[in-house]
Amino acid sequence: NYFSLKNGSESLVNGVYSSAALHISKCNTFMTNSEISNNTSEDGLNIKDSKVFISKSKFFDSFADQVDFDNVSEGVIKNSIFIGGEQYNGDGIDLSNSNAMVYDNEFKNFKDKSISIGEGSRALLIRNKIKENAVGIAIKDSSYGFLYKNFFQNNTIDLTSYVKKSFFQKPTIVFFNKNELNDLNKKIIDGLLNNYQTSEDIIQELDKVEIDQKIFEKLLSLKIQRNH
């Protein structure tokens with residue numbers, strides 16, 4: 001709580017290389033009211049093989065990705081701010097083989113992607129404000145993106161999906177509100193889109209200020225079952 005890290009860099013410690021200013025591996029993490037900024041390392045924060053909760057925090061002006069999740073089994077990022085640097089080219093959040101709920105955040109000024117979902121990740125994205133980025137949301141490589149009530153403004157591309165690595169399948173994008181896709185300013189889609197027909201009680205859960213992890217697990221279970 002109230003942690004601040006600035007001007008960090010990559011490092012080699014006891015033979016282990018870290019590409020991030022703050023690297024956490026195999027350690028469940030709770031972070032709130034914190035700030036990670038102005039780092040020259042590839043990532044500001046990199047978390048691997050862990051469960052993660054981040055709230056009311058700010059990430060900005062690190063060299064490439066502000067937050068990078070690898071093999072995160074359960075992740076929550078909410079009520080936080082992500083700002084890209086004028087001279088840097090990276091993502092706000094980069095998910096690889098991870099499950100995460102990302103809601104009520106603000107993303108601005110990324111020259112790459114504000115949210116990148118790849119390598120079989122599954123992300124529930126709700127009520128995020130995504131402004132003035134090269135790409136708002138990118139969903140890639142066998143990943144699932146569940147979208148609900150996100151706000152896009154002045155992005156070059158609001159939403160894109162594609163296969164980056166040939167050994168993955170096309171990604172899947174799920175909209176809970178069938179009108180949301182039509183409201184996007186520009187989209188480049190190479191994947192499977194669904195208007196997910198779910199029960200009213202789940203929509204009510206998604207509209208709550210706090211979203212229960214069990215709802216996300218239920219959505220994943222229903223979606224996987226439907227594709228089989």
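Computed from a predicted model, the values in this text were never measured in an experiment.
Looking at heavy atoms from C-beta onward, E180 lies in side-chain contact with Y148 at the 4.5 angstrom threshold. The closest side-chain heavy-atom distance from I130 to N155 is below 4.5 Å. Counting heavy atoms from C-beta on, the side chains of K78 and M101 never come closer than 4.5 Å. Using a 4.5 Å heavy-atom threshold, the side chains of N39 and F63 count as separate. Using a 4.5 Å cut-off on side-chain heavy atoms (C-beta onward), I83 and Q66 make no contact. Contact of the L22 side chain with the I36 side chain is registered, since non-hydrogen atoms from C-beta on lie closer than 4.5 Å.
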Under the criterion side chain to side chain contact (heavy atoms under 4.5 Å, CB included), I'd like the reasoning laid out for K131 against N154: C-alpha separation, chi angles, the key distance, then a yes or no. CA-CA 6 Å; K131 306 176 183 179; N154 296 333; 5.9 Å; no
Can you list the steps and then say if F107 with N128 is a side chain to side chain contact (heavy atoms under 4.5 Å, CB included)? CA-CA 8 Å; F107 299 84; N128 297 290; 3.9 Å; yes
Run the side chain to side chain donor-acceptor pair (under 3.5 Å) test on D141 and Y162 for me, step by step, so that the C-alpha distance in whole Å, both residues' side-chain angles and the decisive distance to 0.1 Å come before the verdict. CA-CA 7 Å; D141 296 349; Y162 52 92; over 6 Å; no
Chi angles and distances behind the side chain to side chain contact (heavy atoms under 4.5 Å, CB included) call for D158, I137: CA-CA 6 Å; D158 286 338; I137 299 173; over 6 Å; no
Do K51 and V72 pass the side chain to side chain contact (heavy atoms under 4.5 Å, CB included) test, and can you show the C-alpha distance, the side-chain angles, and the key distance before you say yes or no? CA-CA 6 Å; K51 296 181 180 180; V72 168; 5.9 Å; no
Please evaluate residues K140 and S116 with respect to the criterion side chain to side chain donor-acceptor pair (under 3.5 Å), reporting the C-alpha separation (whole Å), side-chain torsions for both, the decisive distance (0.1 Å), and the verdict. CA-CA 8 Å; K140 307 170 289 182; S116 177; 2.9 Å; yes
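L184 and I157 are assigned to two separate hydrophobic clusters, defined by single-linkage of ILVMFWY side chains at heavy-atom distances under 4.5 Å. L95 and V135 are assigned to two separate hydrophobic clusters, defined by single-linkage of ILVMFWY side chains at heavy-atom distances under 4.5 Å. F69 and F168 fall into different hydrophobic clusters, where Ile, Leu, Val, Met, Phe, Trp and Tyr side chains are chained together by heavy-atom contacts under 4.5 Å. Residues I203 and L124 are members of one and the same hydrophobic cluster, defined by side-chain heavy-atom contacts under 4.5 angstrom among Ile, Leu, Val, Met, Phe, Trp and Tyr. Linking ILVMFWY residues whenever their side-chain heavy atoms come closer than 4.5 Å, directly or via other members, places I211 and F53 in the same cluster.
Here the side chain of S121 pairs a donor or acceptor atom with the backbone of N97 at under 3.5 angstrom. Between the side chain of N105 and the backbone N or O of I81 there is no donor-acceptor pair closer than 3.5 Å. Under the 3.5 Å distance criterion, the side-chain polar atoms of S114 are left unmatched by any main-chain donor or acceptor of G92. Remark: side-chain polar atoms of S57 are not paired, donor with acceptor, to backbone N or O of S80 under 3.5 angstrom. A donor-acceptor distance shorter than 3.5 angstrom exists from the side chain of T160 to the backbone of I188, with no hydrogens or angles considered. Remark: side-chain polar atoms of S98 are paired, donor with acceptor, to backbone N or O of N71 under 3.5 angstrom. Listed for the S34 side chain is no donor-acceptor partner under 3.5 Å among the backbone atoms of N1. For N109 (side chain) and G84 (main-chain N/O), a donor-acceptor pair under 3.5 Å exists by modelled atom type.
For the atom pair CZ (F146) and CZ (F216), the distance works out to 6.5 Å, reported to the nearest 0.5 Å. Between the OG1 atom of T32 and the CD1 atom of I54 there is a distance of 10.0 Å, given to the nearest 0.5 Å. N33 CG to F3 CZ: the interatomic distance, rounded to the nearest 0.5 Å, is 13.5 Å. Note: D70 CG to H23 NE2 = 9.0 Å, rounded to the nearest 0.5 Å. Here the CG atom belonging to L147 is positioned 5.5 Å from the CD1 atom belonging to I139, to the nearest 0.5 angstrom. Taking CG of D91 as the start and CG of D112 as the end, the distance is 4.5 Å to the nearest 0.5 Å.
Taking 4.0 Å as the cut-off between side-chain N and carboxylate O, K165 and E119 count as a salt-bridged pair.
For the ring pair (Phe, Tyr, Trp, His ring centres under 6.0 Å) test, no residue two or more places apart in sequence or in another chain qualifies with F151. F59 is linked by a ring pair (Phe, Tyr, Trp, His ring centres under 6.0 Å) to F82, counting only residues two or more places apart in sequence or in another chain.
Within 6.0 Å of atom NZ in K187, more than 12 heavy atoms from other residues, nucleotides or ligands are found, so the atom counts as buried in its surroundings. Around the NZ atom of K108, the shell of radius 6.0 Å holds no more than 12 heavy atoms that belong to other residues, nucleotides or ligands. Residue-environment remark: CD (Q169) stays at or below the threshold of 12 foreign heavy atoms within 6.0 Å.
Closest non-hydrogen pair, D190 versus P171, comes out as O-CD, 3.9 Å. Residues S143 and G120 share a closest heavy-atom pair of OG-N, 3.3 Å. Across every non-hydrogen atom of A20 and G44, the tightest pair is CB-O, 4.1 Å. The shortest non-hydrogen separation linking S161 to G191 is OG-N, 3.6 Å. In terms of heavy-atom proximity, I173 sits nearest to L159 at CD1-CD2, 4.1 Å. The two atoms that bring N150 and L125 nearest to each other are ND2-O, 2.9 Å, heavy atoms only.
Stacking of K58 on the aromatic ring of F60 is recorded, both the 6.0 Å distance cut-off and the 45° axial limit being met.
Among residue pairs with one or both ends in residues 21-46, those qualifying as salt bridge (Lys or Arg N to Asp or Glu O under 4.0 Å) are K6-E35; sequence neighbours excluded.
The one candidate from R127, K149, K208 that meets the salt bridge (Lys or Arg N to Asp or Glu O under 4.0 Å) condition with D104 is R127.
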